[in-house]
Amino acid sequence: MSEVSIAWVDGALETIDQRALPQQLRPLRITTVDQVIDAIQTLAIRGAPAIGVSGAFGVVIAARAFPDDPARVRAEAARIASARPTAVNLAWGVQRALTRLDGGAQAVLDEALTMLEEDGRVNRDAATHAADLLQRLLPDRPLRILTHCNTGRLATTAFGTALGALRVLHERAALESVLVDETRPLLQGSRLTAWELAEAGIPHRLTIDSAAAWAMATGQVDAVIVGADRVTADGSVANKIGTYSLALAAHHHGLPFVVVAPESTRDPATATGGEIVVEQRAAHEITHVAGVATAPDGTAVFNPAFDVTPPELVTAVVTENGVVGRVRPPRAGNESATPGSNGTFASSAIAEAHDSAGDRIAGIARELYAQGWMPGTAGNISEREGDTAVVTGSGLSKGELTAADVVGVRIADSVAVSGTRKPSAETTIHTAVYRATGAAAVVHVHPPHATARSAGAAESLRFTGYELIKGLGASETIDIPVFANHPDVPRIGADIERYLIEHPDAPPVLFIAGHGITAWGASLAQARDRAECLEAMCELVTLTGRREI
């Protein structure tokens, strides 16, 4: 099969009839609008980017058929756009082609050909960004990735989105294997994805959809990567039915869940996932397999083609422009027990570790590492537990931190009392904050703008008029202390403790000159949010040159 799965040849749209795979690689030549609609509805052409580009070529066919009747062309275009309601790319492709209708059929064709050329480049860029993200989140080892449905060049026009990211990882020798969901009821995983992976020489195994969660539980999956048919303004993701179940399972087991899609799949006009119209498909797709009845005649069915995954379950949406918004690190749920690799359940101590502060700390650390705020092994995160603090160990990359990489220290003197790691010298900064305040969590990070602002600063930095000041508990003006960066880190801790005791109304953030910032709060999330507020405000100062507005 060539790199490109869709082409315009001698006045017709040529593609692969995906209904015939894997038994037969059958070409499909389309010359009428009715054929375009039928191909899209019967899934001979499927995948959001592919149907978007095909929809544009459908408009080309209509424009060539009715060159003197633009109203008829628009009516035909409306029929194409309504062929499948959930995937936003179809309407996008049709509308983009229609913008050139006033220029005639050739102008519409030129636009469709431009879209075809763009798609392969866009997919490769998005796939590369997704591969980069996975390697940041899960560094220094070949990955075992689970994927759902089909997101390769069959679903696009070239290279693929989520499957493209797997191709990039394979090219980098960073992919151990792929676990392929068969993707009931039409088996796009087993028929199409397994076929594409075999063709590309990528190691893979096929599994039934309902085995995916158990594969995660038994340590056979490092991350889940999928495509999308629509991404709403709030970050909800519509994708092939079964995606939501995978997101829930990945969230429960603390695994990254990454969505890869072109910008054309994002739908800012739809506010939330609850507004998405989910396509309901025919009963025979469930009651029959390969034409053979597998259910009694007349059995009623529930056959949604898609489901909608809420944004809190999505680690990141990645497009050709990179990660959309903030990376949400996976946070493991409240497992009562954790299965071992042989399918038996591990000890209660391991299960309890998944409910501990270590899991929360590791999740926040991975997030801040992905943002570039904890480069190398820099930075520390901690959480108070009575008279002790659970803090990240010394000399560890925060991008691959686990619950086992934390250490318990006494707040009174910073002496380690539990864990196998060595506490870093900066632990004394954390314990100083705990001794002087009622904080429940502390974050010490190295965001670039705030760190730069603190270099060479006086004893405090004043900010006035910025709305973000309210996120730090002030209203119009805030004075944030700047502490000297002594080589003797415990001395920094002593300075901070003394200052906070003498200034009980001090803001819950501080600078250490040229060394980053420290923030604290009633929870890890609040401490992180306050650090983000300070960094954002410092970035605005960098952009405007003004600390007072």
Side-chain angles (χ1 to χ4, degrees), residues 18-19 37 39-52 54-55 80-94 146-152 154-156 160-163 180-193 209-210 212 224-251 257-262 264-286 301-314 317-319 324:
Q18 297 187 37
R19 297 167 297 190
I37 293 171
I40 291 173
Q41 289 181 334
T42 63
L43 307 188
I45 301 173
R46 46 147 298 280
I51 66 175
S54 297
I80 298 169
S82 63
R84 298 196 72 186
T86 303
V88 71
N89 292 68
L90 180 54
W92 166 83
V94 167
L146 186 147
T147 193
H148 189 66
C149 198
N150 173 257
T151 56
L154 289 170
T156 59
T161 53
L163 202 59
V180 182
D181 267 358
E182 62 177 357
T183 318
R184 282 280 293 153
L186 296 180
L187 305 175
Q188 293 96 328
S190 59
R191 293 190 303 106
L192 307 178
T193 296
D209 297 3
S210 51
V224 179
I225 188 167
V226 299
D229 289 88
R230 185 185 297 250
V231 180
T232 59
D234 72 338
S236 297
V237 175
N239 195 49
K240 179 57 58 184
I241 189 70
T243 302
Y244 180 35
S245 300
L246 292 176
L248 287 167
H251 182 76
F257 183 89
V258 176
V259 176
V260 191
S264 57
T265 301
R266 295 180 64 201
D267 180 19
T270 300
T272 69
E275 299 176 31
I276 296 175
V277 176
V278 174
E279 175 187 354
Q280 298 291 324
R281 293 187 61 83
H284 70 83
E285 293 182 352
I286 292 181
V301 305
F302 172 58
N303 187 20
F306 306 93
D307 54 28
V308 180
T309 299
E312 59 267 22
L313 299 181
V314 178
V317 173
V318 184
T319 75
V324 176

Task: Inter-residue atom distance Asn89.CG - Thr265.OG1, 0.5 Å rounding - done: 3.5 Å
Task: Side-chain (Thr151) to main-chain (Leu163) donor-acceptor, under 3.5 angstrom - done: yes
TODO: Answer whether the closest heavy-atom distance between the side chains of Ile37 and Ile80 falls below 4.5 Å.
DONE: yes
Task: Student check: side-chain heavy atoms of Asn239 and Thr309 closer than 4.5 Å - done: no
Task: Where Thr156 and Pro49 come nearest, the two heavy atoms and their spacing - done: CG2-CG, 3.7 Å
TODO: Applying salt bridge (Lys or Arg N to Asp or Glu O under 4.0 Å), name anything that partners Asp209, two or more places apart in sequence or on another chain.
DONE: none
Task: Any pair counted as salt bridge (charged side-chain N to carboxylate O under 4.0 Å, His left out), so long as it reaches residues 80-89, sequence neighbours left out - done: Arg84-Glu279
TODO: Mark yes or no for whether His148, through its side chain, and Ile241, through its backbone, hold a donor-acceptor pair below 3.5 Å.
DONE: yes
- [ ] State, yes or no, whether a side-chain contact exists between Val278 and Asp307 at a heavy-atom distance under 4.5 Å.
- [x] no
Task: Pair listing, side-chain hydrogen bond (donor to acceptor under 3.5 Å, both in side chains) test, anchored in residues 182-192, at least two apart - done: none
- [ ] Please determine which of Leu146, Thr243, Val237, Ile225 meets the side-chain contact (heavy atoms from CB on, under 4.5 Å) test together with Phe257.
- [x] Thr243
Open item on the list: Looking at Val180, is its backbone amide N or carbonyl O close enough to the side chain of Thr147 to form a donor-acceptor pair, meaning the two atoms are under 3.5 Å apart?
Closed with: no
TODO: Return the set of residues passing side-chain hydrogen bond (donor to acceptor under 3.5 Å, both in side chains) with Thr232 (not counting sequence neighbours), or none when no residue passes.
DONE: Asp234
Task: Glu312: partners by side-chain contact (heavy atoms from CB on, under 4.5 Å), with sequence neighbours left out - done: Pro310
Open item on the list: Closer than 3.5 angstrom, by distance alone: can the side chain of Glu285 be matched with the main-chain N or O of Asn303 as a donor-acceptor pair?
Closed with: no
TODO: Would you check if Pro262 and Thr161 make a side-chain contact, meaning some heavy-atom pair closer than 4.5 Å?
DONE: yes
TODO: Calculate, to the nearest 0.5 Å, the distance between atoms CG and OG belonging to Leu313 and Ser236 respectively.
DONE: 9.5 Å
TODO: Measure from the side-chain N and O atoms of Asp267 to the backbone N and O of Val88, and report whether any donor-acceptor pair falls under 3.5 Å.
DONE: no
Open item on the list: With a 3.5 Å distance limit and no angle check, can you tell me whether Arg281 reaches the backbone of Gln41 through a side-chain donor-acceptor pair?
Closed with: yes
- [ ] List in chain and number order the residues that pass side-chain hydrogen bond (donor to acceptor under 3.5 Å, both in side chains) with Thr42, two or more places apart in sequence or in another chain; answer none if no residue qualifies.
- [x] Arg19
